Each structure stands twice: as structure tokens, then as C-alpha cells.
Amino acid sequence: MTKEAISLHSLKQTLNRVENRLQTLETQFKDLNSTIDKLAQKLEFQGKTLEKQVDQHEMWISLLEDRFTSMEINLFYSYVSEMLCCLHSSVRVKLPDLAGGLPTLASIMRRKDKNKRIRLVWEAVLEMLGLQEGDILTLCTFFIIHCSEAQYYPANQRQMYTSDISTMITKVVKNQILQESLLCAVQVVENGRVQRDPKKVVTLVQK
């Protein structure tokens with residue numbers, strides 16, 4: 001074999017090795033890139049989860065910062081209870097075949113993320129009532145914080161304490177999120193959408 005042939009053969013082998021190495025590096029790069037994408041997605045999800053937890057934590061703290069009189073708590077609690085009652089009843093009416101398995105608002109909130117049909121009805125009812133998902137979270141938080149101390153006032157008793165509940169809320173509720181959610185609850189109730197027995201409203205968010 002001539003020197004020229006040996007040189008070409010050696011060069012060809014070298015090129016083959018380089019090509020194989022490049023292919024290996026390309027494969028490793030694709031694997032690394034895929035791993036980076038998965039890691040980025042995981043970090044993004046964890047970031048959103050942490051952000052949500054922080055927001056919820058801040059909301060709880062913020063709701064606890066406002067100090068209300070017993071009368072104010074009872075009035076707000078009454079409207080919140082009736083609004084949650086309306087929400088619960090409205091969802092069950094639209095799901096008659098599932099109503100037996102949705103005895104409380106909490107049961108609906110637990111199942112809506114796993115059952116698409118319940119979720120769609122839930123969203124439709126929220127839209128119908130002029131509510132957002134955040135309003136429900138805020139009002140349920142208020143309900144949980146105050147349910148052990150609050151007393152339910154029926155509509156005629158509420159009129160004895162104030163003739164303009166919306167103005168009262170605007171004046172005494174400093175937390176903007178709670179203020180807006182309470183005003184939404186009042187709007188739902190005052191629009192006459194509640195048809196459930198008021199004596200049963202305090203059981204709505206039982207686990």
C-alpha cells in the first residue's frame with residue numbers, strides 16, 4: 001500500500017471517528033436539552049405552586065388583620081353564607097343525576113377538578129352569578145375564620161342593623177380582596193337568587 005493510500009485510509013478513519021464523536025455529542029446534546037426543558041417545566045410548575053401558596057398565605061394573614069365588631073361579622077357572615085348556599089344549590093340543580101353525591105359546597109369544590117362535567121357547570125354558575133374563582137376562595141376563607149363565632153342574621157334582622165350593607169362594607173373592610181368579594185356576595189343575595197332554607201346555610205362548607 002502506497003503512502004498516499006495509507007494517508008487517505010488514516011484520514012478516512014479519523015473522519016469517521018470525528019463523525020461518530022459528533023453524532024454522540026449531538027445525541028448527548030439532545031438528551032441534555034430535553035432534560036433542561038423538563039427541569040425548566042418542573043421549576044416553573046414549582047414556582048407557580050409556591051407563588052400560589054404565598055398568595056394564599058398572604059390572603060389568610062390579610063383577612064385576619066381586619067378587625068370587625070360582632071355585628072359586622074354577623075352581617076358579613078350572613079351574606080357569605082347565603083351566597084355560598086346559592087352557589088351550591090345552583091350547581092346541584094344543573095347536575096340532578098349527581099346531586100346526591102354533592103351534599104355540600106366542599107364536595108363540589110373537591111370533585112370539580114377531577115370531573116370535567118362538574119367543572120363546566122361550576123364555571124357556568126360562577127359566570128351566571130358574576131363571581132370569580134378567587135371570590136369563592138376568599139369568601140370560604142372568611143367563612144372558615146368566623147364560622148365558630150358568627151351568628152346568622154336572616155334578611156329582616158339584617159335590615160335592623162343597616163339599610164345599606166354595600167356602603168358599610170366599603171367603609172369598614174380595608175382588605176381590598178375581601179371587600180370586592182363581599183360586595184359580590186351582597187349583589188348575588190340582593191338580586192334574589194337565594195332559594196334555599198336559611199337554617200341550613202351554615203352546613204354548606206362542611207367537609
Side-chain angles (χ1 to χ4, degrees), residues 48-49 51-68 72-95 102-150 152-153 155 158 162 164-196 198 200-207:
K48 289 181 179 179
T49 301
E51 182 180 355
K52 183 177 180 180
Q53 291 174 346
V54 170
D55 289 343
Q56 291 177 349
H57 180 66
E58 290 179 349
M59 183 184 70
W60 276 87
I61 293 176
S62 186
L63 288 177
L64 289 169
E65 286 177 349
D66 277 345
R67 293 292 180 265
F68 306 119
E72 290 166 351
I73 288 175
N74 293 340
L75 285 172
F76 301 158
Y77 172 83
S78 300
Y79 278 100
V80 169
S81 298
E82 289 196 12
M83 193 286 296
L84 295 177
C85 174
C86 176
L87 177 59
H88 178 236
S89 299
S90 298
V91 172
R92 292 188 71 194
V93 165
K94 293 181 178 296
L95 296 168
L102 303 171
T104 64
L105 182 60
S107 64
I108 293 174
M109 295 178 73
R110 283 195 300 267
R111 294 185 59 186
K112 65 182 176 62
D113 292 331
K114 297 180 180 179
N115 187 308
K116 182 178 180 180
R117 187 173 164 218
I118 295 175
R119 178 69 185 180
L120 290 175
V121 169
W122 169 266
E123 292 174 350
V125 170
L126 287 183
E127 183 177 358
M128 178 187 73
L129 297 178
L131 299 167
Q132 301 290 329
E133 193 96 26
D135 294 322
I136 307 307
L137 177 59
T138 300
L139 296 175
C140 284
T141 301
F142 178 88
F143 185 99
I144 292 169
I145 290 173
H146 296 292
C147 64
S148 62
E149 60 179 313
Y152 174 76
Y153 289 165
R158 294 197 292 264
T162 179
D164 190 348
I165 184 64
S166 296
T167 298
M168 173 186 284
I169 291 172
T170 302
K171 287 183 178 180
V172 305
V173 181
K174 306 305 179 185
N175 182 289
Q176 193 66 30
I177 297 175
L178 177 60
Q179 181 186 116
E180 292 176 359
S181 296
L182 283 173
L183 290 173
C184 287
V186 168
Q187 184 177 11
V188 170
V189 174
E190 297 298 338
N191 282 346
R193 295 185 174 120
V194 179
Q195 300 178 356
R196 188 182 175 93
K200 299 179 181 179
V201 295
V202 295
T203 66
L204 286 173
V205 292
Q206 290 177 349
K207 293 184 178 180

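Residue numbers run from 1 in the order of the sequence given. Keep in mind the model is a prediction, meaning the values are calculated, not measured.
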Euclidean distance, L178 CG relative to D135 CG, rounded to 0.5 Å: 10.5 Å
Step-by-step side-chain contact (heavy atoms from CB on, under 4.5 Å) determination, R158 to I165: CA-CA 9 Å; R158 294 197 292 264; I165 184 64; over 6 Å; no
Residue pair M83 / I136, side-chain heavy-atom distance below 4.5 Å: yes
Neighbour count above 12 (heavy atom, 6.0 Å) for K112 NZ: yes
Any donor-acceptor pair under 3.5 Å from K174 side chain to K171 backbone: yes
Nearest heavy atoms of G130 and C184, plus distance in Å: O-SG, 4.2 Å
Heavy-atom check, side chain of Y77 versus side chain of E149, under 4.5 Å: no
Contact check, side chains of V173 and F68, non-hydrogen atoms, under 4.5 Å: yes
Note, F142 side chain near N175 side chain (heavy atom, < 4.5 Å): no
Side chain to side chain, M109 and C140, heavy atoms closer than 4.5 Å: yes
Any L84 side-chain heavy atom under 4.5 Å of S81 side chain: no
Greater than 12 external heavy atoms within 6.0 Å of Q132's CD: no
Pair I108-L95, side-chain contact (heavy atoms from CB on, under 4.5 Å): steps then yes or no: CA-CA 11 Å; I108 293 174; L95 296 168; over 6 Å; no
Nearest heavy atoms of A150 and I73, plus distance in Å: CB-CG2, 3.9 Å
Side-chain heavy-atom pair L126, L87 within 4.5 angstrom cut-off: yes
L129 versus C86, closest heavy-atom pair with distance: CD2-SG, 4.0 Å
Minimum heavy-atom distance between T170 and Q179, given as atom pair plus value: O-NE2, 3.6 Å
Main-chain N/O of V188 paired with N191 side-chain donor or acceptor, under 3.5 Å: no
